[in-house]
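Chain naming here is simple, since letters A, B, ... match the order of the sequence lines and numbering starts at 1 in each.
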Amino acid sequence: MLLSKSQYIRGLQCHKSLWLYKHKRELRSAPDSSAETLFNIGYTVGSYATDLFPGGVEIEFTPNDFDGMSRKTADLIEQGVETIYEATFNENGIFAMVDVLHKSNGKWNIYEVKASTTVKEYHRDDAAIQYYALSQVLDIGKIFLVHINNQYTRQGELDVCALFNMADITDEVLEKQVEIKGTLNSFDAMLQSDMPAIDIGPHCSDPYGCDFHAHCWQDIPDYSVFNLYRMSGTKKFELYYGGIINFEDIPSDIDLTETQHFQVEASINPEIRIDKTIIGEFLDTLEYPISFLDFETFQNAVPRFSDQRPYMQMTFQYSLQVMTDSGELSHEEYLGDENIDPRRELSERMLRHLPPRGSIMAYNQSFEKGRIKELAALFPDLRDELLSLLDRFVDLIAPFRRLGYYHPDFKGSFSIKSVLPALFPDDPELDYSRLEIHDGGMAMDTFANLHLLKDSNQREKIRKDLLAYCQLDTLAMVRIWEKLKTAV
DNA sequence: CCACATGGTGGCACCACAGC
DNA sequence: GCTGTGGTGCCACCATGTGG
């Protein structure tokens, strides 16, 4: 049996998943595209980490020739090369690629590079299986996990040493060695037997989402106890293991929170539930003109600009709809240049375009407020003006969270992605699926990569798509607010 | 992937009271 | 009066939801 490093990690999470991967690979579900694009952040990180050990030789990835890759690695070691990137090994039934292998004081150190900001338990398992393979043929010194230091703020040139933290995980990796042999034997036996009968459980999504989720969960209805609002995973699975899957199955002695109870009631007896007092209280807090504001941001694991930190939300776009008390709606927008830090110009433009008074409405306001606080910290001359915006904010999600308006199609979620289609199911104007860019993650990813695009026509097209997306976000807020007004 | 807000949970100090 | 149990209330911590 040959296992790749990632298959070993998969097997630790769930035997059934590994069995399916080896025997029924075709049952894999299509990867979640947004998770996929965000995960791509990791690819660039490795190439920066190699700068920590300059002058090494890279083993080129050849999908159909793993043996060739490991042969090349062995040749380089033979030749006395002391730094190898993507060093490849095929030992002891394990196929492993090491981000950086570096010889120091006669021993080889392993450097495993991760785009995350902390060391996770599965990183140690990941490194442990590499050590298990490599220690067969090399004298290994230490194992380091190289991960992003999110406290680093770029100033001018990128400081690669400050960008990464190096965690020595040698001791933990050595401790894990004793159990690996047994684990691999149990994998072997399991793979040669029938599919293990493993029920769904927390392991389906922790620490990773599983490729076979759709397969294993095919009998769970789209809307079930697993959609109960803010119920802990443990409690959901307790219900499930007790045979309770649908809301109708929930016995009355199970204690639910108010929202969960509401959600169950609204599902069994589906009708829109309106509490005019709650909605009225919310609407009374509003002052005209009402500014509906929405930001888009991008993130980089490796900061591109000065005063940027890893994974920081960089605000590059806003849409602003202003509603006057006489019912006139006007729209302003800003979309930064993808080649320069957009934050200064965005701040100035926003301050110029926002009316001097009146409510500022956002959906889940902590996001917009958080960005404004960051901008205030970054630009001392705009600080007071930016901070003065904060107490004008009103959160459009609040009346929904407070159960002032509940539609059974919310299905226990008050995000704008759930609320909007429930309130306006047949309105083509508010249908995101007609847009090229239809969620925030996509906007972030598209803009983050826009500066790499050579074709200027294509860039122009994408900028139009981004503007259309952000404008729809604020228009959605306007429509939701109007809907609340008609409800009281 | 990260940050933040919020709500739920569980641990702990504290108190009352029963039993010895 | 001491001890152990059980109830209560607070707070720290953790999980979840939400945004991008």
Side-chain angles (χ1 to χ4, degrees), chain A residues 32-45 113-118 120 122-123 147-152 202 205-209 226-238 255-263 293-303 308-319 336 342-343 346 361-374 377 390 393 395-398 400-403 410-420 432 437-448 466 469-470 473-474 476-477:
Chain A
D32 172 5
S33 67
S34 63
E36 193 80 350
T37 51
L38 293 177
F39 197 70
N40 279 344
I41 291 171
Y43 283 96
T44 55
V45 172
V113 183
K114 300 291 173 192
S116 80
T117 57
T118 52
K120 311 261 170 44
Y122 53 82
H123 292 147
H147 65 93
I148 295 283
N149 167 25
N150 65 358
Q151 300 306 303
Y152 165 65
S205 53
D206 182 37
Y208 293 115
F226 290 104
N227 300 82
L228 282 166
Y229 184 70
R230 288 192 74 92
M231 181 178 276
S232 75
T234 326
K235 199 166 173 184
K236 286 174 182 174
F237 279 109
E238 269 170 28
D255 55 323
L256 300 174
T257 66
E258 191 197 356
T259 307
Q260 289 162 356
H261 192 73
F262 212 85
Q263 186 187 352
L293 181 65
D294 184 58
F295 288 161
E296 304 301 321
T297 64
F298 68 84
Q299 288 177 295
N300 305 119
V302 180
Q308 184 182 1
R309 281 166 46 156
Y311 293 112
M312 184 181 195
Q313 302 270 7
M314 295 283 284
T315 312
F316 68 88
Q317 181 179 13
Y318 69 76
S319 165
R343 291 174 294 180
L346 180 136
M361 181 107 79
Y363 207 97
N364 206 31
Q365 62 177 357
S366 68
F367 185 77
E368 273 69 22
K369 284 173 123 174
R371 303 296 77 75
I372 288 175
K373 284 181 206 164
E374 286 165 4
L390 295 178
F393 266 83
D395 200 339
L396 188 53
I397 204 174
F400 296 100
R401 280 206 176 124
R402 293 184 60 202
L403 302 174
F410 290 176
K411 299 192 172 177
S413 165
F414 304 113
S415 77
I416 195 164
K417 289 168 194 67
S418 304
V419 168
L420 184 73
Y432 282 86
I437 294 168
H438 42 257
D439 63 62
M442 214 171 157
M444 162 159 81
D445 192 59
T446 308
F447 189 81
L466 283 164
Y469 167 70
C470 197
D473 264 354
T474 49
M477 283 197 279

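One interatomic measurement links the two molecules: CZ of A:Arg401 to P of C:dG19, which rounds to 8 Å at whole-angstrom precision. Taking atom CD of residue A:Glu258 and atom P of nucleotide B:dT6, one finds them 17 Å apart after rounding to whole Å. Atoms CZ (A:Phe237) and P (C:dT16) sit 10 Å apart, rounded to a whole Å. Distance CZ (A:Phe410) to P (C:dG17): 16 Å, rounded to an integer number of Å. Rounded to whole Å, atom P of B:dA5 lies 13 Å from atom CD of A:Glu368. B:dA3 atom C1' lies 13 Å from atom OH of A:Tyr311, rounded to whole Å. With rounding to whole Å, A:Tyr229 atom OH is found 13 Å from C:dT16 atom P. For A:Lys120 and B:dC1, the NZ to P distance is 5 Å, given to the nearest whole Å.
Of all the heavy atoms in A:Asp395 and A:Ala362, the pair that sits closest is OD1-O, 3.3 Å. Closest of all the heavy-atom pairs between A:Thr297 and A:Met444 is O-CB, 3.2 Å.
Backbone-only contact: A:Phe414 has heavy atoms under 4.0 Å from sugar-phosphate atoms and none from a base. A:Thr257 comes within 4.0 angstrom of sugar-phosphate atoms only, judged by non-hydrogen atoms across all strands, and of no base. Using a 4.0 Å heavy-atom distance criterion, A:Asp294 is classed as a sugar-phosphate-only contact. Nucleic acid contact class of A:Asp473 (heavy atoms, under 4.0 Å, all strands): sugar-phosphate only. Among the heavy atoms of the strands, none lies under 4.0 Å from A:Arg371. Looking at heavy-atom distances under 4.0 Å, A:Thr234 makes no contact with the nucleic acid at all. Using a 4.0 Å heavy-atom distance criterion, A:Glu296 is classed as a sugar-phosphate-only contact.
Contact check, A:Lys369 against C:dT18: no side-chain N or O comes under 4.0 Å of OP1 or OP2. The phosphate of C:dG19 has neither OP1 nor OP2 within less than 4.0 Å of any side-chain N or O from A:Thr297. Within the structure, every side-chain polar atom (N or O) of A:Lys235 is placed at least 4.0 Å from both OP1 and OP2 of B:dG8. Contact check, A:Ser232 against C:dA15: no side-chain N or O comes under 4.0 Å of OP1 or OP2. Regarding contacts with the backbone of B:dA3, a side-chain N or O of A:Asn150 is found under 4.0 angstrom from either OP1 or OP2. Put simply, A:Ser415 has a side-chain N or O that comes within less than 4.0 Å of OP1 or OP2 on C:dG19.
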**Message:** ring pair (Phe, Tyr, Trp, His ring centres under 6.0 Å) for A:Tyr229 and A:Phe262? Distances and angles first, verdict last.
**Reply:** CA-CA 10 Å; A:Tyr229 184 70; A:Phe262 212 85; over 10 Å; no
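The side chain of A:Tyr122 sits closest to B:dC1 out of B:dC1, C:dT18, C:dG19. Closest to the side chain of A:Tyr363, out of C:dG17, C:dG19, B:dC2, is C:dG19.
Taking a cutoff of 4.0 Å between a charged side-chain nitrogen and a carboxylate oxygen, A:Arg371 and A:Glu368 do not qualify as a salt bridge.
Remark: aromatic rings of A:Phe400 and A:Phe410 are close, center separation under 6.0 Å.
Ranked by how close their nearest DNA chain B nucleotide is to the 5' end, A:Thr117 and A:Gln365 are led by A:Thr117.
Side-chain N/O atoms of A:Gln299 and base N/O atoms of C:dG20 include a donor-acceptor pair closer than 3.5 Å.
Classified by interplanar angle (parallel below 30°, tilted 30° to 60°, perpendicular above 60°), the ring pair A:Phe298/A:Phe316 is tilted.
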